[in-house]
Peer 1: 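Before anything else, here's the structure in question.
Counting starts at 1 for both ligands and their atoms, following the listed order.
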Amino acid sequence: MIPEDHPRYRSLKVRERLARCAREGIVAMEGLAAHGRGEAFDYLLGERTTECARHACRTAAALLVTARHPVISVNGNTAALAAREIGELQRASGAGVEVSLFHRTEERIHRITDLLEEHGVEVLTGEAERLIPLSHDRAWCLREGIGAADVVLVPLEDGDRCAALRSMGKQVIAIDLNPLSRTARMATLTIVDEVTRALPHVTDACGTLGAEECARLIQTMDNTYLLRAAIQEMRERLTHALD
Ligand code: ATP
């Protein structure tokens, strides 16, 4: 039992949840390591949503609501951390939701699908095909899902897959706490923020942006600028860490 007055209460609760989901076969063991990398960067960011990340969330919403066929790609960590938030974003944006795993087994797909459905997510199903130009399991996706998508939101993706989706001509929105990752640099747009903090901002923006605002956000989108701004935030915090 984690005491509520522990200064790291939230972070410890999240770890507890991920560990439970790992035991249940929803999160891969490797996903726990990926979470640790994210936590380290979140510490540097001050565990808050920066102004730049807010702007990126609004731009992400603009891409999703103006897309022809937007899809949210969900892996084990995202499902464990943010099933409810994914459902809310799906309802606000009209995006499809597809389960897509690095460590892919039919059993994990079913478990993650069940968890998402318990939280009101409508999950795309069908026969996956090897449509993504990658040599391993991550090539699999649904023809009518990620295969047909023009905009794909990939929280917590790895760089290879992000690059492969870009090479298929898709616009890729990443949510990644590490502004140095290949994913962050390969994506069309990266939200440098923690996934459960970022998703509600994207959802809120989906409900409020008008057509003109969407067009302006998309026209002025500049991923390199956003990544530099995130790195600058971290640098500032490091510079003043012991003041
Ligand atoms: P790349 O292949 O893109 O260089 P990587 O090898 O770090 O990145 P993974 O090991 O797949 O990629 O890790 C996933 C990424 O997700 C990490 O960069 C980590 O910072 C990020 N991450 C982990 N947990 C969260 C979270 N809760 N919110 C946002 N980002 C997260």
Side-chain angles (χ1 to χ4, degrees), residues 8-22 26-50 52-54 56-57 60 72-86 88-89 99-104 108 112 115-116 132-139 152-167 170 172-203 223-224 226-227 229-231 233-234 237:
R8 306 291 304 156
Y9 178 74
R10 189 177 177 279
S11 158
L12 293 175
K13 286 298 282 184
V14 170
R15 285 184 185 179
E16 190 180 57
R17 178 168 177 72
L18 280 173
R20 192 179 67 244
C21 286
I26 289 166
V27 168
M29 289 303 168
E30 293 80 355
L32 298 179
H35 180 74
R37 173 136 65 209
E39 275 189 338
F41 280 98
D42 207 14
Y43 226 109
L44 295 179
L45 208 53
E47 296 174 313
R48 78 211 146 90
T49 303
T50 64
C52 259
R54 267 175 213 272
C57 289
I72 307 169
S73 169
V74 176
N75 66 6
N77 281 40
T78 305
L81 293 171
R84 178 172 50 83
E85 289 85 350
I86 292 288
E88 286 162 358
L89 178 56
V99 177
S100 175
L101 304 178
F102 191 120
H103 304 280
R104 185 184 180 95
R108 275 191 76 219
I112 293 168
L115 174 67
L116 291 168
I132 304 173
L134 287 170
S135 59
H136 41 73
D137 277 358
R138 289 163 314 143
V152 190
L153 171 65
V154 288
L156 326 188
E157 188 51 86
D158 75 280
D160 268 16
R161 193 150 175 282
C162 181
L165 292 170
R166 288 300 307 274
S167 78
K170 300 178 192 303
V172 178
I173 306 165
I175 302 177
D176 192 336
L177 279 158
N178 177 4
L180 306 172
S181 75
R182 286 174 306 137
T183 304
R185 287 181 286 133
M186 291 302 308
T188 313
L189 173 75
T190 303
I191 302 168
V192 182
D193 198 9
E194 202 281 323
V195 67
T196 59
R197 287 200 306 268
L199 287 172
H201 289 294
V202 183
T203 301
N223 198 44
T224 307
L226 291 169
L227 296 182
I231 292 167
E233 292 273 356
M234 293 180 187
R237 281 184 55 82

Peer 1: Before signing off on this row, confirm whether Ala184 and ligand 1 have an N or O atom pair separated by under 3.5 Å.
Peer 2: no

Peer 1: Any donor and acceptor pair, going by atom type alone, linking the side chain of Asp176 with main-chain N or O of Ser181 inside 3.5 Å?
Peer 2: no

Peer 1: Between Val27 and Leu81, does a side chain to side chain contact (heavy atoms under 4.5 Å, CB included) hold up when you go through it step by step?
Peer 2: CA-CA 10 Å; Val27 168; Leu81 293 171; over 6 Å; no

Peer 1: Please state which option from Ala34, Ala80, Gly31, Ser181 has its nearest heavy atom closest to atom 8 (O) of ligand 1.
Peer 2: Ser181

Peer 1: Got a sec: does the OH of Tyr43 have more than 12 other heavy atoms crowding it under 6.0 Å?
Peer 2: no

Peer 1: For the residue pair Thr188 and Asn223, what are the closest heavy atoms and their distance?
Peer 2: O-CB, 3.5 Å

Peer 1: List every atom of ligand 1 that sits less than 4.0 Å from any heavy atom of Asp176, numbering the atoms from 1 in the order shown and giving each element.
Peer 2: 15 (C), 16 (O), 17 (C), 18 (O), 19 (C), 20 (O), 21 (C), 30 (N)

Peer 1: Can an N or O of Arg182 be found at a distance shorter than 3.5 Å from an N or O of ligand 1?
Peer 2: yes

Peer 1: When you compare the side chain of Asn77 with that of His35, does any pair of heavy atoms fall below 4.5 Å?
Peer 2: yes

Peer 1: Closer than 4.0 angstrom: is that true for some heavy atom of Asp193 and an atom of ligand 1?
Peer 2: yes

Peer 1: Check whether any side-chain heavy atom of Leu115 lies under 4.5 Å from a side-chain heavy atom of Val99, and answer yes or no.
Peer 2: no

Peer 1: Can you sort out which atoms of ligand 1 are near Asn178, meaning under 4.0 Å from one of its heavy atoms?
Peer 2: 18 (O), 20 (O)

Peer 1: Quick one: look up the protein heavy atom nearest atom 10 (O) of ligand 1 and list residue, atom name and how far away it is.
Peer 2: Arg37 NH2, 3.5 Å

